[in-house]
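Have a look at the structure below, then the notes.
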Amino acid sequence: MKFASSYEPGEYEADIYAAWEASGAFAPNSQGEKRFSIVMPPPNANGNLHIGHGLTIALEDSLTRYYRLRDRKSWFIPGADHAGFETWVVYERALEKEGHTRFEYPREELYARVWNFVEENRGNMELQLRALGASCSWQDLTFTLDENVIRRVYATFEKMWKDGMVYRGEKLVNYCTKHQTAFADIEVEHQDDKGHLWDIAYTYDGGEIIVSTTRPETLFGDAAVAVNPEDSRYKDLIGKTVHLPLTDREIPIIADEHADMEYGTGAVKITPAHDYDDFEVGNRHDLPRITVIGFDGKMLDAAGPDYAGLTTAECRKKVLKDLKEQGLLRGEKQITHSVAHCYKCGTVLEPLLMKQWFINTEKLAKTAVAHLENNEIKFYPENKKNVLINYLKGLKDWNISRQIPWGIAIPMFHCEETDEWIFDTRTDLHEIEVAGKKYLRDEDTFDTWFSSSHWPIVCTDWEEGIPNEFYPLNVMETGADILFAWVARMIMMGLYVTGEVPFREVYLHGLVLDAHGQKMSKSKGNVINPIDMVGKYGSDAFRMGILRGRSAGMNQAFSENSVVSGRNLCNKLWNISRFIQSIVDEETKDDNIIDNIGVKTENMGEDWICRELDRCRSVLEQDFAEYRFADAVETIYSTIWDKYADWFIESQKLYKNTPLLKSTLEMILIMLHPFAPFVTEAIWQNLSWTDGMIINAEWPLRLEYDPISAENFERLTITVSEVRSTMQRLSELNKGKKYGLLYGDDSLVNDNSLLVQYLTRCSSINPTDGTPRGLRIAAPNTELYLDVPEEIINKYRAQLEEHILAVGRELDGLNARMMNPNYVEKAPAGLVKETRDQIKEKEDLISRLKTQLKII
RNA sequence: GGGUUGUUAGCUCAGUUGGCUAGAGCACCUCGUUUACACCGAGGGGGUCGGGGGUUCAAAUCCCUCACAACCCACCA
């Protein structure tokens, strides 16, 4: 016997995965006409998978396995991300621990060191992907720093450079003085912080103007004081100059809408080099940009000898003290305002002027919007399309320079003599010579999203002019949280490079929250590790559990209970298989093999299960087409448990149709396989008659059955349930007592009396002798009595009367509906007929129940 | 400030274009060694679908409004 009494996932999973991998089943090697291509959002190469990856893999792998079963050339392309900044932070921390800093090494050496660091830590996440059952084509794994990725990114960048979409601009960037790099707007985390608002007097001949600021240390960079042009208080001052405190500078008072009359004193200091709004104001009024804070977060010489070299915090203190001494500090109040922080170290980001490479996104965004509005990409959930379009319509230029060595070097070289920039791919060199002139490489690297935006292109090896079978991807599955950062950019880049959208459909999953709907975070200590779940309940259980009760785009709690129910299903299926195998073994032993007879239904239970399995198949097909994973899991779950096991297997204990048992078991295994690949394969391998591996099996075809016969069985199940329920209630009145069944003019029960007796576990079953006695079973279209002695029925009387009243209330409701002429006239005919039928049914039921009372 | 989504059983969630008595898993209660399975079997309890209004023969579902929650974007001198 190959089947133990329960399924232990740990004993099978690793071997099964190894067997799949060795067989080459993950490659897109079907002979089918259609294809299915999907890429994995690359997890961090040197990290561990988190619960979100668990969800991603459950979704993507279920799809892949489904389409593989449907005989499509299915290609699930795995990836690994160099995770530029993420990895950099981890590495820098490691360096710090050893007592070093990045500034001790040249960039080339740092790059090599991080490469080794990643290489050493790599492989962990790949093992974890295997544990989750990802059936991805490992030989096609793409690393974000692979040769072909860099080549493609350079080609795009060159094209953009030639198209005039790349420019070098001095703009304010979000700068982390700890990590010493700039961030894109999208990477900035805003937090509400407590701060102070100080009022400072700027004096002029014969008066003063009070400005409010949260950042007095930037005062040295002030280029003007702005007031609102509508503000009558300051009308006469516009055009005059004021003295900038603690300096010997005079700055103009200008009129600009930016100054809010309602806020503070209505006058605001303008510091173009250290504030985004002020930068814009400065541009409008042609103000100088005076940088007073350095990249190390310390004050520069421009702040004056007393302040240069201080940190911003020290400087703020001193400025306030000095202002106070001079009597220029006029007020201080506490406020809460939102402040930009580094999402890694929490340092307050400093807006600093930097020369950076920018992509002009106007054309890219416009093209993307046009294709989106043309419905070339279908979104799940649907509303994300409009969210994306709105974002693209307001998109600003994209800063693609990052000041960290770990990434793809920007292929631009600068000649100091001529101040000219040229494109060149020889980024392994620090300096190059072209036409007798010396050029130095820009030290910066690309924003990771710039290279990641090529993901569908590089993973499918798309090349210009060469037909590519797998591009555009069938679907892009990723987190809703990176809709802007990634999905938007892939669409823009796909269109720019290939002229086509990079994928036909987008499925976005939400955040996986903890059991109480809280965001998981290390600091809260509520992080659930998917691999722990796999160890505890098995990979299949985790996959089904995380898909259950989850819909596109929504942040939803992770419930371990759902994983438990997944585990239970695996065991249930295991035992169903164990039972069927035992029947097959019996027959083999008796040398009574009837395999070659072929699969035929021989009784109504068999027709019924064929109908239910066929319905299940068609619901699953629909669910996969529309990405309704939770519904699919629930459908296959209830088909296996509530239908196949509870009714079909039970009835087969009387009628053994072995060929049908075998073929229907194969069918449920195959239908469950996309979600629970391991247990279905383990069973497939243990069954005596199956060939090959289930991963390569074929999705079931439409099943034939007799619908009338199937419907009869359905009726029988209702009758049986009613008998059981009645018996249970009686048993509460008369402990543990069993009763016999008597049937009257009822061909269904008559023809299937043994089955009815078996399923109801009643003590006997006989035809009535013409005069019915006992308690009539309330199920419709049946004449069946429980042979219960009168005194017990008397005890049951009150319950029965209550039941009749309840049915009567329902009947009243239905009658009221029919009395409404508008309903009869306007509701669909089918529905009205249904109501009529129901009324008849209720009336019949009441009469049956009343019979029970009369008999007494 | 702008936007998106949500509020359904004790908990986590379904409910696809309005239409049977609103469903599932887990939890709960009662009974149960019956040719697989106690990770089991049978039966059962539990919801005026966030509040209020409207449209309709009919609303958990559509519209308005209020409350609460989450997320995203922008911004707060």
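Nothing here was measured: the structure is a model prediction, and the numbers come from that model. In what follows, chains are A, B, ... by sequence order, proteins preceding strands, each numbered from 1.
No engagement by A480(A) is indicated, since no non-hydrogen atom pair under 4.0 Å with the nucleic acid exists. Heavy atoms of D646(A) sit under 4.0 angstrom from primed sugar atoms or phosphate atoms, though from no base atom. Residue contacts shown for D260(A) include a base, since a base heavy atom lies under 4.0 Å away. Across all strands, S577(A) comes closer than 4.0 Å to no nucleic acid atom at all (heavy-atom distances). At a threshold of 4.0 angstrom between heavy atoms, the contacts of E8(A) include nucleobase atoms, whether or not backbone atoms are also involved. Nucleic acid contact for S725(A): sugar-phosphate only, since backbone atoms but no base atoms lie under 4.0 Å from a heavy atom of the residue.
Distance from the side chain of R761(A) is smallest for rU34(B) among the nucleotides rG43(B), rU34(B), rA36(B). Distance from the side chain of K396(A) is smallest for rC75(B) among the nucleotides rA36(B), rC57(B), rC75(B).
Of the charged side-chain nitrogens involved, at least one lies within less than 4.0 Å of a carboxylate oxygen, so that E650(A) and K653(A) count as a salt-bridged pair. The residues E11(A) and K2(A) are annotated as not salt-bridged, no charged nitrogen and carboxylate oxygen being separated by less than 4.0 angstrom. Note on R548(A) versus E560(A): no salt bridge recorded, every NZ/NE/NH1/NH2 to OD/OE distance being 4.0 Å or above.
Comparing the C1' positions of rG15(B) and rG23(B) gives an interatomic distance of 7 Å, to the nearest angstrom. Rounded to whole Å, the separation between the C1' atoms of rU21(B) and rG47(B) comes to 13 Å. Rounded to the nearest Å, the gap between the C1' atom of rG6(B) and that of rA74(B) is 23 Å. Between rU35(B) and rC31(B), the distance separating the two P atoms is 22 Å to the nearest Å. rU48(B) and rC63(B) have their P atoms separated by 25 Å, with the value rounded to a whole Å. With C1' as the reference atom, rC13(B) and rA60(B) are 14 Å apart, rounded to whole Å.
With sequence neighbours excluded, no residue forms a salt bridge (charged side-chain N to carboxylate O under 4.0 Å, His left out) with R817(A). Remark: Y627(A) engages Y380(A), Y507(A) in a ring-ring contact (aromatic ring centres under 6.0 Å, His included) (not counting sequence neighbours). Considering only residues two or more places apart in sequence or on other chains, E841(A) meets the side-chain hydrogen bond (donor to acceptor under 3.5 Å, both in side chains) condition with none of them.
Judged by closest nucleotide on RNA chain B, A645(A) is the one of Y276(A) and A645(A) placed further toward the 5' end. Nearer the 5' end of RNA chain B, as judged by each residue's closest nucleotide, is the contact made by A515(A), out of A259(A) and A515(A).
Exactly one residue among D222(A), D275(A), D278(A) makes a side-chain hydrogen bond (donor to acceptor under 3.5 Å, both in side chains) with K269(A). That residue is D222(A).
The nearest whole Å value for the distance from the CD1 atom in I640(A) to the C1' atom in rC40(B) is 16 Å. In this structure, N555(A) atom CG and rC71(B) atom P are separated by 8 Å, rounded to whole Å. If you measure from atom CG of L730(A) to atom P of rG32(B), you get 15 Å, rounded to the nearest angstrom. When the C1' atom of rC75(B) is taken as reference, atom CD1 of I335(A) falls 13 Å away, rounded to whole Å. Atom CD in E802(A) sits roughly 16 Å away from atom C1' in rG44(B) (whole-Å rounding). The separation between I576(A) atom CD1 and rC39(B) atom P is 17 Å, rounded to whole Å. Here the P atom of nucleotide rU5(B) and the CG atom of L513(A) are 18 Å apart, to the nearest Å. Atom CZ in R567(A) sits roughly 4 Å away from atom C1' in rC39(B) (whole-Å rounding).
Across all strands shown, the partner of rC26(B) is rG10(B), judged by Watson-Crick or G-U wobble contacts whose two distances both fall under 3.5 Å. Remark: rC49(B) base-pairs with no nucleotide; criterion is Watson-Crick or G-U wobble with both hydrogen-bond distances under 3.5 Å. Pair assignment for rA58(B): none, as no Watson-Crick or G-U wobble contacts are both less than 3.5 Å. The partner of rG32(B) is rC40(B), judged by Watson-Crick or G-U wobble contacts that both fall below 3.5 Å. In this structure, rA69(B) and rU5(B) make a Watson-Crick or G-U wobble pair, each of the two defining distances being under 3.5 angstrom. Across every strand in view, rU17(B) sits unpaired, with no contact that passes the Watson-Crick or G-U test at under 3.5 angstrom.
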Next on the checklist: Determine whether L730(A) and L775(A) satisfy the following criterion, side chain to side chain contact (heavy atoms under 4.5 Å, CB included), listing intermediate values before the conclusion.
Outcome noted: CA-CA 10 Å; L730(A) 288 170; L775(A) 199 56; 3.8 Å; yes

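One donor-acceptor pair, N or O on each side, does fall under 3.5 Å between the base of rA36(B) and the side chain of E650(A).
Within the structure, every side-chain polar atom (N or O) of K384(A) is placed at least 4.0 Å from both OP1 and OP2 of rC71(B). Regarding contacts with the backbone of rA14(B), a side-chain N or O of Q556(A) is found under 4.0 angstrom from either OP1 or OP2.
Sorted by first and then second residue, the ring-ring contact (aromatic ring centres under 6.0 Å, His included) pairs with a member in residues 554-574 of chain A read F3(A)-W574(A), Y7(A)-W574(A), Y12(A)-W574(A); sequence neighbours excluded.
Within 6.0 Å of NZ on K378(A) lie no more than 12 heavy atoms contributed by other residues, nucleotides or ligands.
The backbone N or O of W198(A) sits nowhere less than 3.5 Å from a side-chain atom of E332(A) that would complete a donor-acceptor pair.
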Quick one: which protein N/O atoms are closer than 3.5 Å to N/O atoms of nucleotides 16-18 of chain B? Pair and distance per line, please.
from, atom 1, to, atom 2, distance (Å)
rU16(B), O2, R628(A), NE, 3.1
rU16(B), O2, R628(A), NH1, 2.5
rU16(B), O2, R628(A), NH2, 2.9

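Defined by atom type and a distance below 3.5 Å, a donor-acceptor pair is missing between the side-chain atoms of S539(A) and R543(A).
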Checklist outcome for this item: Whether each nucleotide of nucleotides 19-29 of chain B has a protein heavy atom under 4.0 Å at its base (B), only at its sugar-phosphate (S) or at neither (-) is summarised, 5' to 3', as BBB--SSS---

